[in-house]
Protein chains: 2
Amino acid sequence: MGRSPTIRDVARRAGVAVSTASLALNGRPYVSKETRFKVLQAAEELGYHPHSLAKNLADGRTRNLGLITPISLDHLFGSAGFFANLLSGMHRAAADHGYNLSLHIADSEEEAAACIRSLLRGRSADGLIITNPTSSCPYLEDLGRHRVPFVFIGRPLAKAPYVDNDNVEACRLAVRHLIDQGHLRIAFLNGPERFTFCADRLLGYRIALKEAGLPYDERLVWRSELVEAAAYSTVKELAPRKGFTALFAASDVQAVGAIRALRELGRQVPQDVAIACVNNSELAQHFIPPLTTVDLHEYWLGHWAAKRLVQLIQGERAHHPILIPGELVVRESSKGGDGGGKASCKPKES
Amino acid sequence: MGRSPTIRDVARRAGVAVSTASLALNGRPYVSKETRFKVLQAAEELGYHPHSLAKNLADGRTRNLGLITPISLDHLFGSAGFFANLLSGMHRAAADHGYNLSLHIADSEEEAAACIRSLLRGRSADGLIITNPTSSCPYLEDLGRHRVPFVFIGRPLAKAPYVDNDNVEACRLAVRHLIDQGHLRIAFLNGPERFTFCADRLLGYRIALKEAGLPYDERLVWRSELVEAAAYSTVKELAPRKGFTALFAASDVQAVGAIRALRELGRQVPQDVAIACVNNSELAQHFIPPLTTVDLHEYWLGHWAAKRLVQLIQGERAHHPILIPGELVVRESSKGGDGGGKASCKPKES
DNA sequence: CACTACCATCGAACCGGTTCGATCGGATAT
DNA sequence: ATATCCGATCGAACCGGTTCGATGGTAGTG
């Protein structure tokens, strides 16, 4: 078997010029019905399929979206499941628009910057999706210079297009739920300040309190890294001092660590302390007691990130951020019944 | 700012032919020191960076590895964390060899087949990594015809190159551990027969029993889908009948379901029943009690899959499968102390 | 000194598509 | 009947690299 047939082979067989064959194969106008038919038939007979690289080089589009994740996976929002769902939605949206998704995992932000630079220089992606933007974002300058569209996943500090969970509303929902259960003093185990989503979650917490006319007590707001052990030791240290009947954790692994600490302090969940958290992972589902939590719909986060990026590539002036609503899932850890509100997956544009 | 400089710009500026510039830029022989220097300097001054698409088209290599995952993510080995780690290792190995990783998630095997066909026809990948092969593998014919190298992750039924966890040994280790704890009647909650890794896990279970001189009792081998609810109902139904003091589960979510069922049957873990399982996920770590399990080192699974694929692309006759050893992680659910054996990450070639 | 090797370099062809400008013929307008 | 326009088609240039065959010059060998 020889090499694969090219468009020239098709043209020759159909008895037309190469340019005509190209027009016919791409379903463009200015080709007569008969010619189009001849060309398509020739292509069919030869088993012709266009060479994607050649196509890309010729028209200057790569049909590629680059996903850059500048954080080692085990730290990604404290949950690998999150990432998997994100990917799934992103891939679907990309594929729906005829784009490939190419994956770039970096262990540090510098590595991510290097990776981005290399993608830009090689002109190997039509657009970039970048997760976990931080305050430094060393690649911003490069991005601006090369005029390649990009979208952040997560709220960046710099002014740039992004898609994020509606963290404020997610937390408002969860805390509101605890309040509805009759709790008046609700502790908040938040994540590190350096994450913008932690700032947003704090805001949601405060709004819920305010709406209910409850005082905001700084002494009830704690911080730990987004891992079980850190949450455990933080709670173990700080919990004994203050009176509270419920605890809201910024992530489910933190909730789990908190619960372990509380138990050792002689307080049972949910009897003595009600718990709610964010991030409906496998852990939250299967933990005993099952955790009341906010499902962040990561799938849609990924989906809209890709979709928005495609819009930008197509030249739409798509400014405003996209916020994906979360959905409260009530389970035993907060003592309530089951069920919970349904939230649609149509994002709200802020 | 004009368009990016091309190699012709560089050649012109350096006062050499395009072909010479190409040789110089790629560090190939037959270029004098001075010429090479002139070219590199010109490139530097112009800010030249090669256009990856053009390069790929010219030399016929895409520098792309396609990852095809023919299973919706939430079913992926019953664990998204597994997938995330897999990706991480795969990406690293691919990057180390100068390859991109492009992601293709399919919801069904037919979709995966379509995706593979499209990749092959467009000649858009130098090689393919395909997860979760099944008995049908409708794409095998296409793969053979296009002569594009590929590697399966997981043992396929057909004869084809693959990388997999050493499931047999992983399970032998875990069951052996239960035996060492003094258990004589060990139930096995396995996954569905259609997965080759479940067959392998059963084998490991049997070997461990045999080595210890324990009888194999079919009535102690159960099956459920790889989700918590299925495991729960299976154990709830079957556990009351048979006497056993330990249970080995093929995955950690199954272990969790089993534990829930056992509790409802009035048997505590680990006091009444010791538990061990496979798949060291977040869930296994943080569950109460923490689960004794086998860490499958998915990172290395992904890493070696990519590495082996690159070997195949480079023309090495790399036949034998690669098996990644697992590592037993002993936790409370099996009542033992802590620690556990260390396994190296150098794979064993069978 | 003639003959061969080989290094350095060059121009042209090539990879496989798309696109642009020119051409030609037939239908419509004047 | 002639000018105008437009649909269909063609050839050539282009995208930005790599590679191959040819050439010229220099050094080594008999």
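Bear in mind that the values here come from a model prediction, so they are computed numbers and not experimental data. First the proteins, then the strands, lettered A, B, ... as listed; each starts at 1.
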task = Using whole Å, report how far CG of B:Asp126 lies from P of C:dC15.
result = 18 Å
query = Do A:Ser22 and C:dG17 share a donor-acceptor pair, side chain to base, under 3.5 Å?
reply = no
query = Does B:Arg155 come within less than 4.0 Å of B:Asp164, counting only side-chain N to carboxylate O?
reply = no
query = Between D:dT18 atom C1' and A:Leu53 atom CG, what is the distance in whole Å?
reply = 14 Å
message = For the CZ atom of A:Arg13 and the CD atom of A:Gln41, what is their distance to the nearest 0.5 Å?
response = 8.5 Å
query = Can any side-chain N or O of A:Asn165 pair as donor or acceptor with the backbone N or O of A:Ile324 at less than 3.5 Å?
reply = no
query = Just checking B:Gly15: base, sugar-phosphate only, or nothing, at a heavy-atom cut-off of under 4.0 Å?
reply = sugar-phosphate
remark   = From the candidates D:dG16, D:dT18, C:dC20, the one with an atom nearest any side-chain atom of B:Asp59 is D:dT18
task = Give the minimum heavy-atom separation between A:Asp142 and A:Arg117, together with the two atoms involved.
result = OD2-NH1, 3.2 Å
ask   = Does B:Asp96 pair with B:Arg92 as a salt bridge, N-O distance under 4.0 Å?
value = yes
remark   = Of A:Lys38 and B:Pro50, the one whose nearest nucleotide on DNA chain D sits closer to the 5' end is A:Lys38
ask   = Quick one: is D:dT18 close enough that its OP1 or OP2 comes under 4.0 Å of any side-chain N or O from B:Lys55?
value = yes
inquiry  = Nearest to the B:Arg8 side chain among C:dG17, D:dG7, D:dG16, which nucleotide is it?
reply    = D:dG16
ask   = Between D:dG11, D:dT9, C:dT9, which one does the side chain of A:Thr35 approach most closely?
value = D:dT9
request  = Return the value, rounded to whole Å, for the distance between atom CG of B:Asp9 and atom P of D:dC15.
outcome  = 10 Å
query = On DNA chain C, nearest-nucleotide positions of B:Val18 versus A:Asn26: which is more 5'?
reply = B:Val18
query = Does OP1 or OP2 of D:dT19 have a side-chain N or O of B:Arg28 closer than 4.0 Å?
reply = yes
request  = Give, for atom CG of B:Asp107 and atom SG of B:Cys115, the distance between the pair rounded to the nearest 0.5 Å.
outcome  = 11.5 Å
ask   = Out of D:dG17, D:dC15, D:dA8, which nucleotide sits closest to the side chain of B:Ala54?
value = D:dG17
ask   = So which nucleotide from D:dC20, D:dG16, D:dG17 ends up closest to the side chain of B:Ser19?
value = D:dC20
remark   = Rounded to whole Å, CD of B:Glu34 lies from P of C:dT9 at a distance of 7 Å
message = Between P on C:dC7 and NZ on B:Lys33, what's the gap in Å once rounded to a whole number?
response = 15 Å
query = What is the distance from OH of B:Tyr48 to P of D:dT18, rounded to the nearest Å?
reply = 6 Å
remark   = Testing C:dT9, C:dG17, D:dC10 for proximity to the side chain of A:Val16, the answer is D:dC10
query = Can you tell me how far P of D:dC15 sits from CD1 of B:Ile7, to the nearest Å?
reply = 14 Å
key: Proximal nucleotide (of D:dT9, C:dA8, D:dG16) relative to the A:Leu57 side chain   = D:dG16
task = Please check the phosphate of C:dC7 (OP1 and OP2 only) for any side-chain N or O of B:Tyr30 closer than 4.0 Å.
result = yes
query = Which residue lies toward the 5' end of DNA chain C, B:Arg123 or B:Pro29, if each is placed at its nearest nucleotide?
reply = B:Pro29
request  = Figure out the CG/C1' separation between B:Leu23 and D:dG21, and round it to whole Å.
outcome  = 14 Å
